Amino acid sequence: MCGIVGYIGKKQAAPILLDGLSKLEYRGYDSAGMAVYDGKNIQIQKAAGRLKVLDEQTHGGSTMPGTIGIGHTRWATHGAPSDNNAHPHYNQDETIAVVHNGIIENYLKLRKKLIAKGYSFRSETDTEVVAMLLGYYYKGDPLEAIVKVMHRVEGSYALGIIFADHPDVVYSVRKDSPLIVGQSEDGSLIASDVPAVLKYTRDVYFIQNEEIAVLSEDKITFYNIDGEEIEKEPKRIEWDINAAEKGGYAHFMLKEMNEQPKTVSDTLNPRIKDGQIVIDELGMSDEEIRALRKIHIAACGSAYHAGITGKYVFEGLARIPVEVDLASEFRYRDPIIEENTLVIIISQSGETADSLAALREAKQRGALTLGIVNVVGSSIAREADRVMYTLAGPEIAVATTKAYTAQLIALYLLAMKFAGVRGRLGNDAYASMIKDLKAIPAQIQMLLANKEDIQRFANRYLAARDIFFIGRGIDHAISLEGSLKLKEISYIHSEAYAAGELKHGTISLIEEGTLVTAVVTQEDLYKKAISNIVEVRTRGAFVMAVTNEDNTEIEKTADYVIYIPKTNRYFTNSLAIVPLQLFSYYVSVGKGLDVDKPRNLAKSVTVE
């Protein structure tokens with residue numbers, strides 16, 4: 001959530017800041033602003049609403065002269081979205097400007113202290129406390145003031161800072177919120193994420209916790225929290241810059257859904273060699289895999305739903321007990337981590353605050369940790385003992401599609417690898433599953449081609465108030481993700497239930513015309529699932545079923561049926577989710593909503 005950019009160089013800063021912020025819109029925000037030093041003073045322009053408001057106010061940045069500046073898109077935490085609460089924020093005499101991602105947990109205590117010393121505040125934000133505190137400590141040496149602030153504030157922060165007294169330097173600081181810096185031919189840049197700088201440079205530095213980067217036009221210097229200079233190596237980013245553009249699609253979400261066949265292939269192909277699964281980055285010996293006694297999976301949102309699928313696959317194939325936790329709860333339940341336990345942390349961005357905290361808790365308790373992430377060099381990728389990249393490329397839409405699909409593939413590969421090493425998967429079954437894995441990209445493509453039929457069906461439910469999803473076994477995991485997709489982008493109340501739980505209260509919510517989506521892909525549960533469909537139809541529900549192509553018997557009970565191609569029963573999630581993604585997308589489009597940037601949501605949740 002939130003986005004930071006900064007620039008110092010030969011060119012006018014404001015247009016570059018606007019361009020960088022536009023590449024970070026996917027992160028979620030409700031206001032935007034810029035601070036630019038114009039040769040005499042630091043000028044700030046900011047506005048509530050979309051970035052286009054700021055762009056129009058500054059005529060594309062042309063009304064803000066200067067070659068050094070910082071910009072920000074804010075997602076409100078402290079204080080409602082407004083011009084005053086938008087970033088950047090000044091210190092008392094407007095000689096320092098600050099942008100901030102994260103949360104300062106002790107801001108009230110610091111604010112009270114500063115007010116007692118005569119400081120007055122213009123906003124309700126925790127960020128303004130940082131700006132005022134910098135002014136309080138500043139005695140001519142910016143680095144010294146920044147270090148003192150770092151020692152006083154508690155919480156998470158990524159900061160971009162400019163000083164009027166030092167108009168040839170941009171300062172950046174990081175603790176538990178992502179921040180990168182890079183150098184181009186024309187100057188130096190800071191940003192919250194790679195897409196903001198790809199147009200200008202592919203060599204970036206990932207700032208670690210409690211590090212400071214000092215950027216001049218032609219040089220970047222790094223310091224630790226003690227103000228001591230340190231050395232860092234840049235990371236080369238190989239992403240195709242066009243991958244972050246819409247490429248003719250109406251929305252990033254539609255583009256990313258259509259990229260799922262490629263995403264699956266890119267995640268699979270490097271790890272299947274001569275009919276065998278080879279995960280070089282795993283770094284676990286066969287002896288370590290055989291010794292595993294338990295797996296914990298911790299994740300948030302869609303990644304958590306992928307983890308629930310992973311539980312069924314790991315336990316079914318490798319016979320390893322698995323616990324799945326919402327990362328936000330993992331620390332607080334005092335988890336029991338025994339010897340020979342693997343903790344898997346799943347996160348698209350690799351910066352999810354709760355998932356990162358779960359990772360650190362697991363490491364502190366002695367577990368071996370594995371991060372399944374999409375963003376190279378992200379915090380989870382760096383801090384986990386092992387990392388497995390999903391190779392989905394940049395995902396811009398807030399509602400994940402292709403990254404979730406890639407996470408499923410990574411979990412399938414791991415489970416099959418573990419099952420093979422532990423002697424739980426015979427050669428014939430192994431070969432058959434490899435064949436099914438390789439068929440998934442073409443099968444997803446076939447399902448995507450059915451979008452017109454799903455769009456017509458979706459248009460019938462634009463005014464729906466409640467929609468329910470049901471499934472048994474692994475189908476419950478699919479239902480959870482299908483429900484989340486719908487509520488994220490359509491704002492329709494939606495819930496997913498294990499189908500067997502209907503009679504324990506939920507069925508009281510079913511009334512005439514209520515849409516119930518039943519996911520029925522597990523052959524051994526067909527009869528029980530059909531009984532659940534009959535239960536809700538008897539009470540007036542209209543049932544959309546997603547099932548395997550051989551289950552034509554379901555047409556006798558369901559009102560509308562979407563068939564998915566035949567695959568291994570553990571892999572059905574990768575196929576059944578596609579029509580549910582399309583359904584959610586077309587409901588949102590039909591309602592005229594902002595599909596890629598749904599209200600109140602952020603792509604990368606970097607605060608707890």
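In this text, all values refer to a predicted model and were calculated from it rather than measured experimentally. Along the sequence shown, residues carry numbers from 1.
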Parallel, tilted or perpendicular for His72 and His87, by the 30°/60° rule?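 His72 vs His87 ring planes: parallel.
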Go through the structure and list residues passing ring-ring contact (aromatic ring centres under 6.0 Å, His included) with [X], not counting sequence neighbours.
X: Tyr138; answer: Phe163
X: His166; answer: none
X: His305; answer: none

How long is the span from the [atom1] atom in [X] to the [atom2] atom in [Y], to the nearest 0.5 Å?
X: Ser156; Y: Glu351; atom1: OG; atom2: CD; value: 11.5 Å
X: Ile577; Y: Ser584; atom1: CD1; atom2: OG; value: 7.5 Å
X: His59; Y: Thr63; atom1: NE2; atom2: OG1; value: 6.0 Å
X: Leu134; Y: Asn91; atom1: CG; atom2: CG; value: 8.0 Å
X: Leu391; Y: Thr263; atom1: CG; atom2: OG1; value: 9.0 Å
X: Thr127; Y: Ile103; atom1: OG1; atom2: CD1; value: 9.5 Å

Backbone N/O of [Y] and side chain of [X]: donor-acceptor pair under 3.5 Å:
X: Asn85; Y: Glu124; value: yes
X: Tyr491; Y: Arg599; value: yes
X: Thr201; Y: Gln183; value: yes
X: Arg202; Y: Ile237; value: yes
X: Asn374; Y: Gly393; value: yes
X: Asp55; Y: Leu51; value: no
X: Ser216; Y: Lys219; value: yes
X: Ser123; Y: Thr125; value: yes
X: Ser588; Y: Tyr585; value: no
X: Lys363; Y: Glu383; value: yes

Hey, are [X] and [Y] close enough for a salt bridge, meaning a charged N less than 4.0 Å from a carboxylate O?
X: Arg365; Y: Asp334; value: yes
X: Lys175; Y: Glu211; value: no
X: Glu395; Y: Lys402; value: no
X: Arg50; Y: Asp594; value: yes
X: Asp203; Y: Lys235; value: no

Applying side-chain contact (heavy atoms from CB on, under 4.5 Å), can you list everything that pairs with [X], at least two apart in sequence or on another chain?
X: Lys11; value: Tyr7, Ile16, Asp186
X: Ala158; value: Ile4, Asn101, Ser177, Leu179
X: Glu154; value: Asn106

Pair Asp30, Lys597 - check salt bridge (Lys or Arg N to Asp or Glu O under 4.0 Å), show working. CA-CA 10 Å; Asp30 45 49; Lys597 298 185 284 293; over 6 Å; no
Student check: side-chain heavy atoms of [X] and [Y] closer than 4.5 Å:
X: Ile212; Y: Met150; result: yes
X: Ile44; Y: Lys46; result: yes
X: Asp596; Y: Ile396; result: no
X: Ile70; Y: Leu17; result: no
X: Leu114; Y: Leu133; result: yes
X: Leu189; Y: Tyr200; result: yes
X: Arg152; Y: Tyr137; result: yes
X: Ile345; Y: Ile372; result: no

Between [X] and [Y], a side-chain donor and acceptor under 3.5 Å:
X: Ser494; Y: Ser483; value: yes
X: Gln407; Y: Thr390; value: no
X: Asp93; Y: Thr95; value: yes

Tell me whether the NZ or CZ atom of Arg174 lies within the 45° cone about the ring axis of Tyr157 and under 6.0 Å from its centre.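 Judged by the rule, Arg174 and Tyr157 form no cation-pi pair.
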Measure from NZ or CZ of Arg122 to the centre of the six-membered ring of Tyr90, then state whether that distance is under 6.0 Å and the direction lies within 45° of the axis. no
Please say whether more than 12 non-hydrogen atoms of neighbouring residues, nucleotides or ligands are located less than 6.0 Å from [atom1] in [X].
X: Glu229; atom1: CD; answer: yes
X: Lys139; atom1: NZ; answer: yes
X: Lys262; atom1: NZ; answer: no

What's the shortest heavy-atom distance between [X] and [Y], and which atoms?
X: Ile489; Y: Ala399; value: CG2-CB, 3.7 Å
X: Val36; Y: Ala14; value: CG2-CB, 4.3 Å
X: Thr267; Y: Ala406; value: OG1-CB, 3.8 Å

From CA spacing to verdict: side chain to side chain contact (heavy atoms under 4.5 Å, CB included), Leu370, Val343: CA-CA 6 Å; Leu370 168 66; Val343 177; over 6 Å; no
Under the salt bridge (Lys or Arg N to Asp or Glu O under 4.0 Å) criterion, do Lys10 and Glu217 qualify, and how do the steps go? CA-CA 7 Å; Lys10 298 181 177 69; Glu217 181 181 307; 3.3 Å; yes
Before giving the answer on salt bridge (Lys or Arg N to Asp or Glu O under 4.0 Å), spell out for Glu488 and Lys485 the whole-Å C-alpha distance, their side-chain angles and the decisive distance to 0.1 Å. CA-CA 5 Å; Glu488 278 181 315; Lys485 281 286 109 15; 3.1 Å; yes
Under the side chain to side chain contact (heavy atoms under 4.5 Å, CB included) criterion, do Gln260 and Thr401 qualify, and how do the steps go? CA-CA 8 Å; Gln260 287 178 117; Thr401 51; 4.0 Å; yes
Where do Asn258 and Leu254 land on the side chain to side chain contact (heavy atoms under 4.5 Å, CB included) test, with the steps shown first? CA-CA 6 Å; Asn258 280 275; Leu254 182 60; 3.6 Å; yes
Please assess Met64 against Gln45 for the test side chain to side chain contact (heavy atoms under 4.5 Å, CB included), listing each intermediate value before the final yes or no. CA-CA 9 Å; Met64 297 185 74; Gln45 184 74 38; 3.8 Å; yes
